[in-house]
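In what follows, every heavy atom counts, from backbone to side chain, and hydrogens, waters and symmetry copies are set aside. Just so it is clear, the model here is predicted, and its values are computed rather than measured. First the proteins, then the strands, lettered A, B, ... as listed; each starts at 1.
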Amino acid sequence: MNAPDRYERFVLPEGTKKVSYEKDTRLSETGRFTLEKEDHTLGNVLRMQVHRDPNVLFAGYKVSHPLQNKVELRIQTTIQSSPVQAYNQAINDLDKELDHMKNAFEAEMARFTKDQ
Amino acid sequence: MEGDSSDPHMPRGRILKTRDRFMKFELQGTTINFAQALSRIMTAEVPTIAVDYVVIEENTSNFSDSFLAGRLRDIPLTSRRTTSLCYSSDCPNCNGKGHCPLCSVKLRLNVKCKGKSLHVTSKDLSSSDPAVVPFDFQDTASRGTEILKLRRGQEVDLTAIARKGLGKDDSKWVPTKVVTYFALAKVRINEEMMETLTLEQKKEWVDSCHSPEFEIDPCTQKVVLSHPEEYVDDEEVIRKAEAMGKPGLVELYRRNDTFVFTVKTKGSLKASDLVMKAMDILKQRLRLANPVEDNDTPDQSAGSASHTQDFDEVD
Ligand SMILES: [Zn+2]
């Protein structure tokens, strides 16, 4: 079988950076995040979450290299914020939302199991 | 969830129906992208265990070796213990060969037809791991999934090697039979106009709806939508109202923050486990993507004037 990294697509070998950030040299409050070993699924969710931030002027993503599974997320914010701030905020918010949803599901499952 | 209105931004989940391999639930306060991500992960990125390789010792049946292998690959195997099994490609024990107990489970099938004919089913497989068996193995009500039929004197002896994998690599690892989601439709009945209809007209209109969710309350004779979460957009009721000379009798619009999911699994995972696992996976991936060090302190020297100037350079 000639497909390297067939399964473990999201975890990187130790010492490799999962996310790197590059500030735009021409535009202020603009930068590009590169996520290694990621795909549309996360790119799309992240972009949407970043969009919810009122300080975000632009957020777009592309899968820069489908074979390497690299996602590029470009963010521009107002001067009240910064791309890094917006990015970290989006990740934290999504994380919280997921926790919330998981807890809600566990409680619902418990309710259903009791009923049956 | 009831009593959980502290933060309007927080998504809420509600299970509408759940059975072993089936679950219908509603997510509120989320986005279409999130719904998309969750459904994609459930289909393609939650690991399961499936037959990946078959070693055939003996096959005197009417079926080819590759047919048999295909049948075995399609039998869902209980996959609750995927966490304790390695992916064969990075098994530290057998260097990725995928034949050792750390990364594979062996299912032996050794059957011989001594009578006139014999139906060989998933229940004839014997697994090296009691936690990894055909999904209907312990179901006493089921006769098992048919694999093949043997005639007198025919024999099959094989070992199926099951491994952990992801649906995006091969359909045999896809845990789902169906995943659908739709944005919940909000329905507004124009009560005043509705009351101008006779009971016959109301009945006529209710009957035009393909799904039976509109009902006439026997006491009040009012038209009500009994299960909003069941309601699948049905333009027919609108056209019917127009045809009856009552445009605007009902309005339908989609809520873009509430989605109703229907999940049916093939049997390798319980529907509820699959949903929870999908959320865990999304969470893990978010955790991996976090955090970024802030080496980008907002540039104070960049005044609003130069900012606007810079902004013009976009494109
Ligand atoms: Zn191994």
- request: Measure B:Leu27 against the heavy atoms of chain A and call it side chain, backbone, both or neither at under 4.5 Å.
  value: side chain

query: By a 4.5 Å heavy-atom criterion (distance strictly below it), what part of A:Leu35 contacts chain B: side chain, backbone, both, or neither?
result: side chain

field: Distance, nearest 0.5 Å, that separates OG1 of A:Thr41 from CD of B:Glu45
entry: 4.5 Å

message: For a 4.5 angstrom cut-off between non-hydrogen side-chain atoms, does B:Arg285 reach A:Asp39?
response: yes

query: For the atom pair CG (B:Leu282) and CG (A:Leu98), what is the distance rounded to the nearest 0.5 Å?
result: 5.0 Å

Heavy-atom proximity to chain B below 4.5 Å, by part of A:Asp24: neither

- prompt: Just wondering, do B:Thr31 and A:Arg52 contact through their side chains at under 4.5 Å, heavy atoms?
  reply: yes

query: Say you draw a straight line from CZ of B:Arg287 to CG of A:Leu94; how long is it, rounded to the nearest 0.5 Å?
result: 12.0 Å

Side-chain touch A:Phe105/B:Met276, heavy atoms, less than 4.5 angstrom: yes

- prompt: Looking only at heavy atoms, what is the nearest atom pair of A:Leu42 and B:Ala289, with distance?
  reply: CD2-CB, 4.3 Å

query: So how far is it from A:Met109 CE to B:Phe25 CZ, rounded to the nearest 0.5 Å?
result: 11.5 Å

- prompt: Under a 4.5 Å cut-off applied to non-hydrogen side-chain atoms, are A:Val19 and B:Leu288 in contact?
  reply: no

message: To the nearest 0.5 Å, what is the distance between CG on A:Asn103 and CE on B:Met279?
response: 10.0 Å

message: Looking at every heavy atom in both B:Gly13 and A:Ala104, which two are closest together, and how far apart are they?
response: N-CB, 4.1 Å

- request: Evaluate whether atom NZ of B:Lys264 has more than 12 neighbouring non-hydrogen atoms of other residues, nucleotides or ligands under 6.0 angstrom away.
  value: no

message: Distance check, rounded to the nearest 0.5 Å: B:Asn33 atom CG versus A:Gln49 atom CD?
response: 9.5 Å

query: Do other residues, nucleotides or ligands put more than 12 heavy atoms under 6.0 Å from B:Phe22 CZ?
result: yes

4.5 Å side-chain heavy-atom contact, A:Phe112 and B:Met23: no

- prompt: Do A:Lys102 and B:Asp280 have side-chain heavy atoms sitting under 4.5 Å apart?
  reply: yes

